[in-house]
Every structure is written in structure tokens, then in C-alpha cells.
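Heads up: the structure comes next, in C-alpha cells.
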Amino acid sequence: IKINVAREEFRPVAERGSILYFLICELSMVNCMYQISLRQFLGLFDNSMERSEKSPITSKRIGIIIDFCTYEVFRYTCRGLYETHKFLFTLLLALKIDSSKGNVKPEEFQVFIKGGAALDLNAVTPKPSKWITDMTWLNLVELSKLQQFRDILNQIPRNEKGWKAWFDKDAPEEEQMPDGYSASLDTFRKLMLVRSWAPDRTVAQARKYIADALGKEFAEAVLLDLKATWQESHPREPLICLLSMGSDPTSQIEDLGKKQGKECRAISMGQGQEVHARKLIAMFMAKGGWALLQNCHLGLNFMDELLETLVETEHIHDDFRVWITTEVHPHFPISVLQASIKFTNEPPQGIKAGLKRTYTSITQDFLDISNMVQWKPLLYTVSYMHTVVQERRKFGPLGWNIPYEFNTSDWFSTITFVQNHLDDMDIKKGVSWNTVRYMAGEVQYGGRVTDDYDKRLLNTFAKVWLGENIFLDSFQFY
């Protein structure tokens with residue numbers, strides 16, 4: 001009886017575990033590469049029980065396990081998702097958890113997801129003003145079916161000036177909502193109102209909702225820590241990097257191998273490469289080392305054989321690891337995906353997250369490599385410029401006419417040039433800004449750029465951000 005009572009007390013932990021597991025399983029509908037096995041998930045779940053803080057008070061202990069497990073699964077899953085899907089996963093996580101607590105009702109979830117898409121404009125209350133778009137009005141009609149918003153269709157004509165002023169703001173979610181909605185609604189209901197009026201501001205308000213429902217750490221970008229990922233793995237578990245434009249992790253894996261004193265060799269898969277891959281894996285399994293199999297979507301037949309080898313080989317050296325890079329492929333073996341640790345290496349979305357990622361790769365020794373006063377401001381400036389040119393890609397043709405594959409090697413070559421230039425500089429003459437601008441705008445980053453207007457934009461960035469004015473207290477990047 002005591003065992004049963006104790007077990008029942010921990011039921012909330014199991015409930016949270018099932019919510020997390022089934023949500024992760026559903027991600028395979030978003031992308032066929034997002035596969036996780038129950039065994040992998042149970043490993044994470046058991047880890048949370050072991051590593052979370054202990055407490056003699058059962059209710060406190062349950063709360064600690066639930067919070068620890070949720071964040072651990074969130075971090076583990078986000079590491080293996082493309083940037084475009086990370087936010088979707090986090091928002092669904094918040095909604096599922098709130099739904100299980102009863103904070104979000106099923107009908108509210110449906111209104112949030114669908115809006116007024118199923119309604120006919122001719123069959124609903126006519127809209128009071130032309131400035132309200134048809135889709136917005138249909139969203140509001142659907143929203144008015146919920147208890148908190150039952151009067152909204154009457155409130156808009158009564159306070160049209162107030163609603164229009166709020167709607168015309170650049171960031172309406174940051175402003176006071178008309179008719180007392182700011183005070184009466186919680187963050188999720190505000191999210192529903194923002195989603196109905198201004199779908200383009202939904203993501204900004206959704207971040208607030210996530211921070212409110214789950215905690216601020218869930219609204220922050222999860223940065224890839226390659227060393228921690230390697231430490232988490234074991235010799236029979238492949239590490240798979242899902243490739244995207246400009247995100248090849250080869251140099252980072254090789255650098256990590258050097259730092260850890262591991263021999264790392266790469267083989268690019270394709271026709272006839274299986275023989276060499278077999279030899280390399282057999283050699284490293286015996287003596288230890290890292291085998292990096294690149295572009296494995298071109299050698300799918302070898303993947304099943306690789307997994308069989310990893311599972312059936314009796315003795316594998318503790319230092320053996322197999323790293324795999326692959327593009328998304330519908331026929332990539334699910335068994336391999338479910339048995340591996342997956343990660344992506346894309347630049348994260350947002351200036352803050354992009355800068356954070358660049359700075360995580362900078363060591364203290366690299367920061368202190370030059371004693372010139374210009375070194376650290378220039379390091380930051382180039383890192384900022386690097387983040388901006390990458391971030392503009394998400395705006396399609398508005399960002400760059402042609403989507404260029406700017407990556408870490410551009411940043412590193414620019415920084416190396418700046419460092420060498422400062423070392424050789426004549427202190428009396430100072431920095432030769434024309435040279436630095438030319439190297440960044442025409443050679444390092446500019447070498448990739450083929451469109452005249454894109455080149456003009458890049459050179460403008462170099463002209464505005466690379467100059468003596470960056471050392472003034474009044475200087476701002478925008």
C-alpha cells in the first residue's frame with residue numbers, strides 16, 4: 001500500500017513526461033529527420049530524476065523534477081531542430097503544458113490555431129470600418145465566441161479611434177490595449193487578441209507568453225555546445241548533424257578533436273566511398289579516434305550497415321566516435337536517426353543570439369591576443385557585422401537579392417586580417433580604414449557577393465561601422 005501511495009504522489013512527473021514524449025514524436029510530421037526513440041527519451045527522463053536537486057519534501061521534489069526534466073528535454077530537442085522549427089516546438093510545448101493544467105481550454109486553442117479561416121464574410125456581422133481587413137474581422141468574429149471577448153464586436157465601433165490608434169502602432173503588443181484589455185487579460189489571451197488583429201506581431205507576443213508560462217530561459221535561443229554534445233555521447237551512438245546552407249560543422253568538429261587530442265579523419269560519402277568508410281571505422285574502433293562521414297544522404301545504403309556494425313561489434317574503443325553530416329532525405333533510415341544524437345549548426349535567429357554564438361567560440365586567449373586598444377572594439381564590430389549579414393538572409397530578397405552562404409570562415413578570415421593589420425600598424429599613422437573596409441566589403445565577405453546592389457549594401461555596412469568613429473562614446477550601430 002505504501003509503495004502504491006508513493007507511486008501515486010509522483011504521477012504528475014509521469015504526466016509531464018508523457019506530454020513531452022508525445023510532442024517530440026509529433027515533430028516527425030514537421031520534418032522526417034526529427035525522430036526520437038522511447039529508449040532515448042527514457043534515458044533523458046531517468047537522468048532528470050538522478051541529476052535534479054534532492055528534497056525531503058515530496059511536493060517540492062516533484063516540482064524540481066518536473067522543471068528539470070522539461071528544460072532538459074527542451075534543450076535536447078532544440079539542439080536537433082532547424083531554426084525555423086525551434087520556436088514552433090517551444091510554443092507547442094507551452095500550449096500543451098498549459099492545456100494539461102486547464103489554463104488553456106480546447107476551444108481557445110482552436111481559435112488561436114485557426115482564427116476565422118472557416119467563416120464566410122457574407123454570413124457574419126458586417127465590419128464597421130474599411131480600415132479593418134476582411135481577415136482581421138473574421139478573426140475577431142471567431143474570437144467573440146469566447147467568454148472574455150464576447151463584447152469585442154460592439155466595443156470596436158464604440159471606441160474606433162482607440163482601436164485604430166493601437167492597431168497602427170509599430171509594436172501593438174507593447175502598448176496599452178483599448179477598453180481595459182491590458183488589465184483584464186493574461187498573456188495567452190493577449191496573444192489571442194494580437195493574433196486576431198496583427199498576425200505579423202504574433203511571434204513577439206508569443207515569446208512573452210512562453211517566458212510567462214515556462215520561464216525566461218525557454219524564450220532564449222539554445223546555442224550549440226559541441227563539446228557538451230560529444231561528452232553526452234558514447235562509442236555506439238552516432239552524432240548526426242543536419243545540414244543547411246552555410247552550416248557545415250567540419251571545421252568545428254576537427255578543432256574540437258585537436259583540443260581533446262583525438263585523431264579525426266573525414267570521408268565524403270558517395271559512389272564507391274563505402275569501402276574507405278568501412279576501413280576507417282574498423283581502424284578507429286580498434287585504436288580510438290573520430291570518423292567523420294560527410295554528406296551521408298549520398299550513401300544511404302551504408303547507414304544501415306553502419307548501425308549494425310556499431311551494435312554488433314563486441315569491443316569498441318572508448319575514444320571512438322562516428323560523426324555524420326547529412327541533408328534532409330525522406331529515405332534516411334529511421335533506425336539510425338533514433339539511435340543517434342542529432343544537432344544542427346545554423347546561425348541562431350536574432351542579433352543577440354547570433355552575437356552570443358560568435359562569442360561562445362572566442363577564448364580568453366583570443367581576446368587577449370593583441371594589446372592594441374582598437375582590438376576588442378574591432379572584434380565586436382566585425383562580429384556584429386557578421387551577425388547582421390547572416391540575419392538579413394531570413395528576409396529573402398529584401399535582405400539580399402541572392403541568398404549568400406556567409407559562414408564562420410568569413411568572420412574568422414576578417415578577424416585574422418584585422419589582428420595582423422593591428423600588429424603591423426604604425427601607431428603614428430593609426431588604422432588604415434580604407435584597407436580594412438576593402439578587405440571586409442570586397443574580399444572576405446564581398447568575395448561571395450555577385451549582385452551589384454548587394455555589394456553596395458555590404459560596402460555601406462563597412463563604411464558606417466569600420467571607421468575612427470566607432471571609438472566615440474556617442475557611436476551607435478543603428
Side-chain angles (χ1 to χ4, degrees), residues 15-31 33-34 36 41 44 66-67 69-117 135 139 142-143 146 148-149 171-174 177 185-224 242 244 342 344 346-354 391 394:
E15 274 177 24
R16 177 62 60 89
S18 69
I19 290 168
L20 296 171
Y21 176 65
F22 288 112
L23 174 58
I24 298 170
C25 288
E26 285 168 6
L27 285 175
S28 61
M29 292 191 274
V30 177
N31 188 313
M33 304 299 271
Y34 300 160
I36 189 168
F41 181 79
L44 283 174
I66 287 175
D67 292 345
C69 181
T70 306
Y71 187 67
E72 201 61 17
V73 170
F74 161 75
R75 209 180 47 75
Y76 183 91
T77 309
C78 277
R79 183 175 61 194
L81 302 181
Y82 286 116
E83 283 298 319
T84 47
H85 301 142
K86 285 179 183 176
F87 185 73
L88 169 71
F89 166 67
T90 316
L91 182 58
L92 279 173
L93 179 63
L95 288 167
K96 293 246 180 194
I97 288 171
D98 266 356
S99 297
S100 73
K101 289 177 181 173
N103 296 343
V104 173
K105 297 182 180 75
E107 59 271 22
E108 290 175 325
F109 181 75
Q110 291 302 321
V111 170
F112 175 65
I113 295 297
K114 295 176 184 171
M135 197 64 241
N139 288 342
E142 190 64 28
L143 193 66
L146 300 173
Q148 293 102 317
F149 301 102
E173 75 283 356
E174 301 288 346
M177 291 175 172
L185 300 180
D186 62 12
T187 39
F188 177 67
R189 273 84 202 173
K190 283 177 185 170
L191 172 59
M192 293 174 78
L193 191 60
V194 169
R195 181 248 184 272
S196 300
W197 273 105
D200 58 314
R201 302 304 302 166
T202 305
V203 171
Q205 178 62 26
R207 286 194 198 282
K208 288 186 179 183
Y209 164 62
I210 288 164
D212 208 48
L214 298 174
K216 281 185 179 170
E217 65 273 22
F218 288 86
E220 297 282 321
V222 175
L223 299 177
L224 173 68
L242 306 179
S244 58
K342 291 166 291 299
T344 55
E346 287 179 294
Q349 289 185 348
I351 299 286
K352 184 180 172 185
E391 189 68 9
K394 78 175 182 190

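FYI, the numbering just counts along the sequence from 1.
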Q: Can you run down the ring-ring contact (aromatic ring centres under 6.0 Å, His included) pairs that involve residues 94-115, sequence neighbours left out, and say none if there aren't any?
A: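 Checked against ring-ring contact (aromatic ring centres under 6.0 Å, His included) - neighbours excluded - the pairs reaching residues 94-115 are Phe112-Phe188.
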Nearest non-hydrogen partners of [X] and [Y], listed with the distance:
X	Y	value
Ile113	Arg195	O-NH2, 3.3 Å
Leu224	Arg79	CD1-CG, 4.0 Å
Thr90	Cys78	OG1-SG, 4.3 Å
Glu173	Ala204	OE2-CB, 3.5 Å
Ile66	Thr70	O-OG1, 2.6 Å
Gly17	Phe41	O-CZ, 3.2 Å

Are any of the side-chain heavy atoms of [X] and [Y] separated by less than 4.5 Å?
X	Y	value
Leu23	Phe89	yes
Tyr82	Tyr34	yes
Met192	Val111	yes

(Q) Looking at Lys114, I'd like to know if its NZ atom is crowded, meaning that more than 12 non-hydrogen atoms belonging to other residues, nucleotides or ligands lie closer than 6.0 Å. (A)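 No, not enclosed.
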**Q.** Audit row: Leu81, Leu242, side chain to side chain contact (heavy atoms under 4.5 Å, CB included) steps and yes/no
**A.** CA-CA 8 Å; Leu81 302 181; Leu242 306 179; over 6 Å; no
Q.
Set out, in order, the CA-CA distance, both residues' side-chain angles and the distance that settles side chain to side chain contact (heavy atoms under 4.5 Å, CB included) for Leu193 and Met177, then state yes or no.
A. CA-CA 9 Å; Leu193 191 60; Met177 291 175 172; 3.7 Å; yes
Distance from [X] atom [atom1] to [Y] atom [atom2], nearest 0.5 Å?
X	Y	atom1	atom2	result
Ser99	Lys105	OG	NZ	11.0 Å
Thr84	Asn31	OG1	CG	8.5 Å
Arg16	Cys69	CZ	SG	8.5 Å
Cys25	Leu20	SG	CG	11.0 Å
Leu92	Phe87	CG	CZ	10.0 Å
Leu143	Phe149	CG	CZ	4.5 Å

N/O donor to acceptor pairs below 3.5 angstrom from side-chain atoms of residues 209-223, sequence neighbours left out:
from, atom 1, to, atom 2, distance (Å)
Tyr209, OH, Ala94, O, 3.4
Tyr209, OH, Asp98, OD2, 2.8
Asp212, OD2, Thr187, OG1, 2.9

Q) Glu174 and salt bridge (charged side-chain N to carboxylate O under 4.0 Å, His left out): which partner among Lys208, Arg207, Arg201, Lys190? A) Lys208
Q) Could you go step by step and tell me if Lys86 and Glu346 meet the salt bridge (Lys or Arg N to Asp or Glu O under 4.0 Å) rule? A) CA-CA 12 Å; Lys86 285 179 183 176; Glu346 287 179 294; over 6 Å; no
Q) Going through the distances and angles, do Leu93 and Ile97 end up as a side chain to side chain contact (heavy atoms under 4.5 Å, CB included)? A) CA-CA 6 Å; Leu93 179 63; Ile97 288 171; 3.9 Å; yes
Q. Are the side chain of Glu83 and the backbone of Gln349 linked by a donor-acceptor contact shorter than 3.5 Å?
A. yes
Q: Check the pair Tyr71, Arg75 against side chain to side chain contact (heavy atoms under 4.5 Å, CB included), reporting the backbone distance first and the verdict last.
A: CA-CA 6 Å; Tyr71 187 67; Arg75 209 180 47 75; 3.9 Å; yes
